[in-house]
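Okay, structure first, notes after.
All figures in this text were calculated on a predicted structure; none of them were measured in a lab. Per chain, numbering begins at 1; letters A, B, ... match sequence-line order.
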Amino acid sequence: MKPVVTRFPPSPTGFLHIGGARTALFNWLYARKTNGKFILRIEDTDEARSSTDSTDAILDALQWLGIDWDEGPYFQTERKDIYRRYIRKLVETGHAYYCSCTPDEITAMREQARARGLKPMYNGKCREKGLSDSDNTVVRLKTPDAGVTVVEDIVKGDTAFQNAEMDDFIIQRSDGSAMYNLAVVVDDITMGINTIIRGDDHLINTPKQILIYKALGADLPVFGHVPMVLGPDKARLSKRHGAMSVGEYRNMGYLPDAVINYLVRLGWSHGDQEFFTRKDLIQKFDLEHLGRSASMFDMQKLTALNARHIQAKSAPDLAPSLLLLLKDLGIAAENDVFTHKVIETLQPRSKTLVEMAESARFYYVDAPDIDEKAAARFLTADTADMLTRIADAIDNLPDFTQDGLEKIFKKIMADFNLGFGKIAQPLRVAVTGTTVSPGIFEMLLALGKEKTVHRIRQAAARISNQAL
RNA sequence: GUCCCCAUCGUCUAGCCCGGUCCAGGACACCGGCCUUUCACGCCGGCGACAGGGGUUCGAAUCCCCUUGGGGACGCCA
């Protein structure tokens with residue numbers, strides 16, 4: 001059994017979008033699962049639309065997702081000689097021919113075909129002319145007039161295409177450059193690709209490609225055409241659907257593991273399992289459980305999965321990404337024990353890292369921004385004394401632990417005849433500035449004794465000042 | 001217009017290949033409740049689907065056909 005060789009061939013005409021990422025993921029997972037090889041190839045033969053910026057962005061996004069490649073990136077623009085050689089071979093063996101029809105003529109043919117209720121096609125005018133290479137000639141593949149070409153697809157099953165439906169398509173442009181179908185097949189053959197998983201928008205290209213494989217006398221790879229990812233309006237995913245690029249998800253505070261988890265579940269399943277670690281996926285991914293129908297992209301589910309992945313990670317793992325986001329908020333934080341504690345208090349209540357960074361803000365600033373509404377409700381005149389008492393008690397606490405804090409709170413509760421809630425909320429507002437925060441104990445413990453005492457005193461002072 | 005693909009809760013899906021264990025299971029969302037120092041997490045419960053019509057069969061979500069709906073492709077783009 002030969003090792004599996006898969007590939008991901010993006011064209012560098014923009015960022016890596018979600019649909020492309022999923023295709024890359026399927027190929028990568030299958031290669032990793034089978035101990036095969038995953039090759040990256042940049043399909044930049046459309047030089048007008050391709051850019052190195054796009055290439056960089058795509059590579060960057062793949063790296064962020066943790067999709068690494070064993071070979072490449074190869075660039076099709078650097079392989080022109082290879083294509084030319086194969087095209088020459090096809091002409092020499094009679095599988096292809098030169099055609100001198102002008103674009104206008106072709107347009108006319110198409111209109112004619114359409115008028116007769118047929119598929120718009122080239123009519124094979126130059127097929128038997130025996131033209132040779134000259135300016136303004138293209139090369140076309142000689143396709144069979146009759147019979148069928150069957151695509152054996154591991155996700156769609158066998159699909160038969162009438163050869164009569166296929167025209168003699170162009171494999172080389174008049175400027176001598178290779179067209180997509182030719183370049184892909186030549187690349188896949190020469191790179192040893194034996195498993196092709198791609199979007200089902202390519203299913204129609206497959207019979208054409210099979211014809212090229214056959215004309216070249218090459219073995220066919222295994223094909224698997226996965227359904228498209230659609231937007232919420234069931235239209236193919238496009239710019240107008242909002243966040244499309246993988247990079248946007250990084251900026252919004254999504255974890256690569258969550259994105260991968262979500263993407264793989266869009267069209268693949270493993271029983272009822274929803275949560276997968278990277279390791280799980282490499283172990284469990286298979287081609288048998290790829291779905292056949294298109295799916296819609298659902299941010300809410302991605303977000304839910306992201307929350308679960310945030311909880312599943314360790315604080316030190318989360319820290320580097322969070323630090324970057326804190327920096328965006330103007331907060332300089334270190335990857336230290338303090339930050340790790342901060343993260344732990346926030347993990348169960350953050351759906352994204354951006355959310356976590358915003359919630360973490362109060363830990364780092366010198367004095368929290370006091371929310372006026374919260375202050376009006378909880379930092380009232382009658383709490384000033386209590387807060388001062390708490391601050392003093394904590395200040396004198398030999399051990400700044402949950403036990404120590406509990407003892408203090410119990411005493412205060414008894415002395416002031418208050419329920420715990422009556423103490424906790426003013427305290428929370430004093431220390432965080434808002435009524436919403438992690439649990440009092442974990443939060444104070446993470447904040448540290450000094451800051452805690454300082455903030456409570458500041459709040460008490462604030463109340464006194466307002467009373468004047 | 002022609003060709004191709006697809007069709008289970010609002011969404012992602014299990015089940016379909018090898019009909020009965022499915023008056024269809026899980027997850028997200030939504031709605032209740034519990035827990036509780038806030039917000040969350042968590043837990044419990046609820047709502048909610050086999051597109052329609054014909055067959056085949058003792059029996060169909062599962063097999064066949066048609067209809068409808070959705071998607072894709074018909075480039076000197078990839």
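- Base engagement by A:E274 is indicated by at least one non-hydrogen atom pair under 4.0 Å involving a base atom.
- Per the geometry, CG belonging to A:D187 stands 12 Å off P belonging to B:A78, to the nearest Å.
- Looking at A:K341, A:M443, A:K451 one by one, the single match for side chain to side chain contact (heavy atoms under 4.5 Å, CB included) with A:Y363 turns out to be A:M443.
- In this structure, A:P227 reaches neither bases nor backbone, as no heavy-atom distance under 4.0 Å exists between it and the strands shown.
- Contact annotation for A:S437: base contact, defined as any heavy-atom pair under 4.0 Å involving a base atom.
- Looking at heavy-atom distances under 4.0 Å, A:K422 makes no contact with the nucleic acid at all.
- B:G69 sits 8 Å from B:A51 when the C1' atoms are compared, rounded to a whole Å.
- Judged by distance alone, the side chains of A:E105 and A:T102 do bring a donor and an acceptor atom under 3.5 Å apart.
- Residue A:R265 places none of its side-chain N or O atoms closer than 4.0 Å to OP1 or OP2 of B:A14.
- Put simply, OH on A:Y122 is 15 Å from C1' on B:G75, counting in whole angstrom units.
- For A:A178 and A:R22, each mapped to the nucleotide of RNA chain B holding its nearest heavy atom, the one lying further toward the 5' end belongs to A:R22.
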For this session: Dump the intermediate steps for ring-ring contact (aromatic ring centres under 6.0 Å, His included) on A:F276 and A:W268, then the final yes or no.
Result: CA-CA 12 Å; A:F276 294 88; A:W268 177 80; 5.5 Å; yes
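- Remark: B:C35 base-pairs with no nucleotide in the shown strands. Criterion, Watson-Crick or G-U wobble with two distances under 3.5 Å.
- Note: A:Y213 and A:F223 have perpendicular aromatic rings, judged against thresholds of 30 and 60 degrees for the angle between ring planes.
- Side-chain to base pairing of A:R349 with B:C39: one donor and one acceptor N or O lie within less than 3.5 Å of each other.
- With a cut-off of 3.5 Å on both pairing distances, B:C9 has no Watson-Crick or G-U wobble partner at all.
- B:A14 sits 29 Å from B:G59 when the P atoms are compared, rounded to a whole Å.
- Distance check on atom C1': B:A29 versus B:C74 gives 39 Å, rounded to whole Å.
- Within the nucleic acid shown, A:S350 has no heavy atom closer than 4.0 Å to any nucleic acid atom.
- Using a 4.0 Å heavy-atom cutoff across all strands shown, A:R116 reaches no nucleic acid atom at all.
- Pair check for B:G59 finds none; no Watson-Crick or G-U wobble contact set falls under 3.5 Å.
- At whole-Å resolution of the value, CG in A:D44 and P in B:C77 are 14 Å apart.
- Annotation: side chain of A:M121 is not in contact with side chain of A:M109 (no heavy-atom distance under 4.5 Å).
- Cation-pi geometry between A:R7 and A:F38 is not satisfied (NZ or CZ under 6.0 Å from the ring centre, within 45° of the ring normal).
- Residues A:S11 and A:S50 have side chains not in contact (no heavy-atom distance under 4.5 Å, counting atoms from C-beta outward).
- Between A:R173 and the phosphate of B:C77, there is a side-chain N or O to OP1/OP2 separation shorter than 4.0 Å.
- At a cut-off of 3.5 angstrom, the base of B:C12 holds at least one donor-acceptor pair with the side chain of A:K301.
- Within the nucleic acid shown, A:N205 comes within 4.0 Å of at least one base atom, counting heavy atoms only.
- Straight-line distance between the C1' atoms of B:G46 and B:G53: roughly 34 Å, to the nearest whole Å.
- At a cut-off of 3.5 angstrom, counting only N and O atoms as typed in the model, there is no donor on one side facing an acceptor on the other between the side-chain of A:R292 and the base of B:C6.
- Residue A:R308 has no polar side-chain atom (N or O) positioned under 4.0 Å from OP1 or OP2 of B:A27.
- Nucleotide B:U2 has B:A73 as its partner under the Watson-Crick or G-U criteria, with both atom distances under 3.5 Å.
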Can you check nucleotides 20-25 of chain B for protein contacts, nitrogen or oxygen pairs under 3.5 Å, and list what you find?
residue, atom, partner, partner atom, Å
B:G25, N2, A:D272, OD1, 2.9

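- At a threshold of 4.0 angstrom between heavy atoms, the contacts of A:G267 are confined to the sugar-phosphate backbone, with no base atom among them.
- Base orientation at B:C41 is syn, since its O4'-C1' glycosidic dihedral falls within 90° of 0.
- Comparing the C1' positions of B:C16 and B:C64 gives a spacing of 14 Å, expressed to the nearest Å.
- With a cut-off of 3.5 Å on both pairing distances, B:A29 has no Watson-Crick or G-U wobble partner at all.
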For this session: Determine, stepwise, if the pair A:H17 / A:F297 fulfils ring-ring contact (aromatic ring centres under 6.0 Å, His included).
Result: CA-CA 12 Å; A:H17 68 85; A:F297 189 82; over 10 Å; no
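- If you check every strand for non-hydrogen atoms under 4.0 Å, A:H225 touches nothing.
- Contact annotation for A:T435: base contact, defined as any heavy-atom pair under 4.0 Å involving a base atom.
- Straight-line distance between the P atoms of B:C43 and B:G48: roughly 23 Å, to the nearest whole Å.
- Counting any heavy atom pair closer than 4.0 Å across all strands shown, A:L203 reaches sugar-phosphate atoms only and no base atom.
- Ring pair A:Y180/A:H202: centre-to-centre distance below 6.0 Å.
- In this structure B:C22 sits in no base pair that meets the Watson-Crick or G-U test at under 3.5 Å.
- Rounded to whole Å, the distance from CD1 on A:I106 to P on B:C77 is 13 Å.
- Taking the side chain of A:Q300 as heavy atoms from C-beta on, and the options B:C76, B:G71, B:C28, the nearest nucleotide is B:C28.
- Note: CD (A:Q311) to C1' (B:C43) measures 14 Å, nearest angstrom.
- Here A:Q162 lies out of heavy-atom contact (under 4.0 Å) with every strand.
- For A:K351 and B:C41, the shortest distance from a side-chain N or O to OP1 or OP2 is below 4.0 Å.
- Separating the CD1 atom of A:I171 from the P atom of B:C77 is a distance of 14 Å, rounded to the nearest angstrom.
- Spacing of C1' atoms, B:U13 relative to B:A7, comes out at 14 Å, to the nearest Å.
- Of the side-chain N and O atoms in A:T45, one or more sit less than 4.0 angstrom from OP1 or OP2 of B:A78.
- Ring geometry for A:Y249 versus A:Y254: interplanar angle over 60°, hence perpendicular rather than tilted (30 to 60°).
- Taking atom CD of residue A:Q273 and atom P of nucleotide B:U13, one finds them 16 Å apart after rounding to whole Å.
- Annotation: cation-pi pair A:K208/A:F169 present, NZ/CZ under 6.0 Å from the ring centroid and within 45° of its normal.
- Nucleotide B:C47 forms a pair with no other nucleotide shown, judged by Watson-Crick or G-U wobble geometry with both contacts under 3.5 Å.
- Nucleotide B:G75 holds its P atom 14 Å from the CE atom of A:M166, rounded to whole Å.
- Going from the P atom of B:C28 to that of B:U67 covers 40 Å, rounded to whole Å.
- When heavy atoms are screened at a 4.0 angstrom cut-off, A:S295 is found touching the sugar-phosphate backbone but no base atom.
- At a threshold of 4.0 angstrom between heavy atoms, the contacts of A:F161 are confined to the sugar-phosphate backbone, with no base atom among them.
- When every heavy atom of A:S437 is checked against every heavy atom of A:R428, the shortest pair comes out as OG-NH1, 2.7 Å.
- When distances are taken from the side chain of A:D201 to each of B:U37, B:G72, B:C6, the shortest belongs to B:G72.
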